[in-house]
Amino acid sequence: MLDTLFKPKSISLIGASHSEEKLAGVILKNLLKFRGRVYPVNPKYKELMGLNAYPSVQYIPESVDLAIIMRPAAEVPEILQEIAGRAKNVIISSSGFAEIGQNELQDKVAGLGKEIGIRILGPNCMGLYNPYHNLDTFFLPHSRLKRPQKGNTAVVSQSGAILSCILGALRLSNIGVSIAVGYGNAVDIDEADIFEYLADDRNTDVVIAYIESLGNGRKFIEKAKSLSEKKSFILIKSGKGESGQAAAFSHTGRLAGRYEVFHFILKQFNIKEASDFDEIIDAAKAMSYQRSSKGNRICIITNGGGSGVLAADECMRQGLDVAALPEGKKDKLKKIFPYFYGINNPLDLTAQVKNEDYVAAIKELKDDYDGFVVIALPNVLGITEDLSEMVSEIKRDFSKPLVFHIAHSSITKKLTSVLENNKIPVYSSPERAVRGLKALLS
């Protein structure tokens with residue numbers, strides 16, 4: 001178990017700084033909110049940011065759960081030897097290892113970790129963010145990267161830069177985070193170890209991962225498959241072509257391998273894969289808001305014919321079936337709605353739509369389809385701010401996935417806020433709404 005890594009009670013920061021102009025100073029500032037004990041280590045200071053500072057780890061009055069190393073790579077082996085018996089886990093934030101060709105140094109670090117019995121995250125990594133534990137070991141200031149709120153989505157990323165981009169996108173998408181971890185070169189703790197931990201984490205319902213390369217493919221598949229059976233899980237793999245594989249190796253020093261083989265194995269074990277950055281964020285939003293479900297029969301309800309066609313086209317690309325309306329329901333809907341409404345799938349409620357029309361359509365069709373894409377173009381007077389609460393009320397009566405696309409207008413923000421507070425995800429385009437829905441279906 002990695003509880004003492006993800007939920008430590010005591011932390012030492014080796015290489016701590018007094019200034020936020022230095023990365024180690026940013027980390028220390030972020031650790032000031034940590035609920036446990038923090039021990040800055042720097043022989044030049046007796047006090048740092050209001051905390052007692054220590055000349056070395058040997059002077060810290062207790063063995064800590066987690067040590068963070070923010071010193072030049074060449075110093076790391078000696079520091080690890082000093083830490084022996086003084087910490088259970090270590091995060092090596094420092095870069096300068098295999099990613100720049102220093103393989104011998106990295107191998108030495110890996111060997112020392114095993115020799116002294118300490119678990120290592122990194123090197124060349126961002127570290128951890130656990131808002132449920134007030135733990136933030138990132139070297140990025142909050143003024144530059146506002147952290148997402150607490151939530152149910154865990155983020156696992158080999159790249160610290162991509163991790164920061166994902167966190168920024170999750171925050172803008174109103175998605176809360178349970179744990180975020182950047183694991184870098186993975187000399188010890190790798191993505192598979194983290195998957196195993198998250199599979200049993202009670203705050204995590206959804207896991208999204210960014211992968212560049214794998215050290216142990218069999219272990220990865222075993223843990224990824226196990227995780228996907230317990231939680232909603234989707235990953236994105238970079239390094240798909242030769243140039244991308246070379247870039248991945250120069251980034252973390254791990255070989256990317258042939259993408260075609262990786263992709264085939266994921267499909268074989270039914271592990272979901274996003275094709276690009278936007279898709280994994282859209283999937284995370286849907287999965288964090290609603291439960292996954294079975295089936296692929298989709299109903300599109302819209303007040304704009306063109307938007308419905310775009311959604312239908314994306315359904316085709318995603319392998320989703322925009323199945324025709326059942327004959328009995330088609331006849332019934334023709335009696336409910338004006339003659340000029342397009343009673344098909346997509347169901348076109350036209351520019352003369354009223355809030356009640358969406359409610360009536362969903363009520364009539366909720367048992368006939370596996371998922372729903374609802375499109376509202378609120379530049380018509382018949383759509384008001386009440387639509388969100390009305391649809392949210394119906395959604396409480398059935399468990400099938402339902403997502404929205406709402407075009408920009410003066411009431412879009414209000415509509416979106418109410419829907420998302422009621423766990424109905426809203427997307428900025430018909431295509432993104434469909435891709436979000438796809439993530440909820442299997």
Side-chain angles (χ1 to χ4, degrees), residues 153-159 161-170 172-173 175 191 195 206-214 217 220-221 224-225 227-228 231-249 251-252 254 256-290 292-293 295-296 298 300 307 309-322 370-371 373 401 403 405 425-442:
T153 300
V155 186
V156 182
S157 178
Q158 196 165 358
S159 162
I162 295 297
L163 177 58
S164 68
C165 293
I166 290 174
L167 292 177
L170 293 182
L172 288 174
S173 297
I175 304 168
E191 61 286 316
F195 293 165
V206 178
V207 180
I208 62 174
Y210 168 80
I211 307 289
E212 289 181 354
S213 56
L214 299 174
F220 167 82
I221 290 298
K225 181 176 181 294
L227 174 62
S228 66
K231 309 283 174 86
S232 296
F233 174 51
I234 190 168
L235 62 84
I236 183 170
K237 171 75 167 66
S238 66
K240 296 177 181 177
E242 288 185 14
S243 59
Q245 290 168 12
F249 181 74
H251 187 197
T252 60
R254 298 171 88 201
R258 286 188 61 196
Y259 170 72
E260 294 81 7
V261 175
F262 180 84
H263 176 71
F264 174 78
I265 293 172
L266 291 185
K267 288 194 73 172
Q268 184 180 354
F269 288 97
N270 201 29
I271 298 169
K272 291 182 178 178
E273 180 186 11
S275 60
D276 58 34
F277 185 90
D278 288 339
E279 185 176 338
I280 202 167
I281 299 302
D282 292 342
K285 185 170 191 172
M287 294 189 301
S288 70
Y289 278 32
Q290 296 181 16
S292 296
S293 187
N296 76 331
I298 305 305
I300 301 168
S307 298
V309 173
L310 289 175
D313 286 347
E314 187 62 27
C315 283
M316 180 188 67
R317 286 189 286 270
Q318 296 295 328
L320 299 174
D321 180 17
V322 185
D370 303 311
V373 177
V403 302
H405 159 56
V426 178
Y427 295 93
S428 59
S429 74
E431 294 88 348
R432 295 185 75 165
V434 169
R435 290 194 290 268
L437 181 63
K438 168 69 174 177
L440 291 168
L441 295 170
S442 60

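For this chain, numbers begin at 1 and follow the sequence in order.
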For Phe233, the ring pair (Phe, Tyr, Trp, His ring centres under 6.0 Å) test, sequence neighbours excluded, returns Phe195
Please name the pair of heavy atoms, one in Gly295 and one in Asp370, separated by the smallest distance, quoted to 0.1 Å.
CA-OD2, 3.4 Å
Partners meeting side chain to side chain donor-acceptor pair (under 3.5 Å) with Glu273 (sequence neighbours left out):
Tyr259, His263
In chain order, what residues pass the side chain to side chain donor-acceptor pair (under 3.5 Å) check against Glu314, with sequence neighbours excluded?
Arg317, Gln318, Arg435
Measuring only between side-chain heavy atoms, which start at C-beta, is Tyr289 closer than 4.5 Å to Leu440?
no
Residues forming a side-chain contact (heavy atoms from CB on, under 4.5 Å) with Ala439, sequence neighbours excluded:
Ala283, Met287
At their closest point, which heavy atom of Ile300 faces which heavy atom of Ala312, and how far apart are they?
CD1-N, 3.5 Å
For the student: nearest non-hydrogen atoms of Ser159 and Glu212, plus distance:
CB-OE2, 3.8 Å
So, do Leu235 and Lys272 sit near enough that their side-chain heavy atoms are less than 4.5 Å apart?
no
Who pairs with Phe269 by side-chain contact (heavy atoms from CB on, under 4.5 Å), at least two apart in sequence or on another chain?
Ile221, Lys225, Ile265, Ile271
Residues Val322 and Cys315: closest non-hydrogen pair is CG2-CB, 3.5 Å
Looking only at heavy atoms, the pair that brings Ser157 and Ile162 closest together is OG-CB, 4.0 Å
Check whether any side-chain heavy atom of Val206 lies under 4.5 Å from a side-chain heavy atom of Lys231, and answer yes or no.
no
State, with a plain yes or no, whether a side-chain heavy atom of Val156 is found less than 4.5 Å away from one of Val207.
yes
Determine the minimum heavy-atom distance between Ser173 and Ile281, stating which atoms define it.
OG-CG2, 3.6 Å
Regarding Ser238 and Tyr210, is there a side-chain donor-to-acceptor distance under 3.5 Å anywhere?
yes
Can you tell if the side chain of Leu441 reaches within under 4.5 Å of the side chain of Pro401, non-hydrogen atoms only?
yes
Just wondering, do Glu279 and Asp276 contact through their side chains at under 4.5 Å, heavy atoms?
yes
Identify, with sequence neighbours excluded, every residue that meets side chain to side chain donor-acceptor pair (under 3.5 Å) alongside Ser293.
none
Would you find a donor on one side and an acceptor on the other, under 3.5 Å apart, between the side chain of His405 and the backbone of Ala433?
no
Is there a side-chain contact between Tyr427 and Lys285 (heavy atoms, below 4.5 Å)?
yes
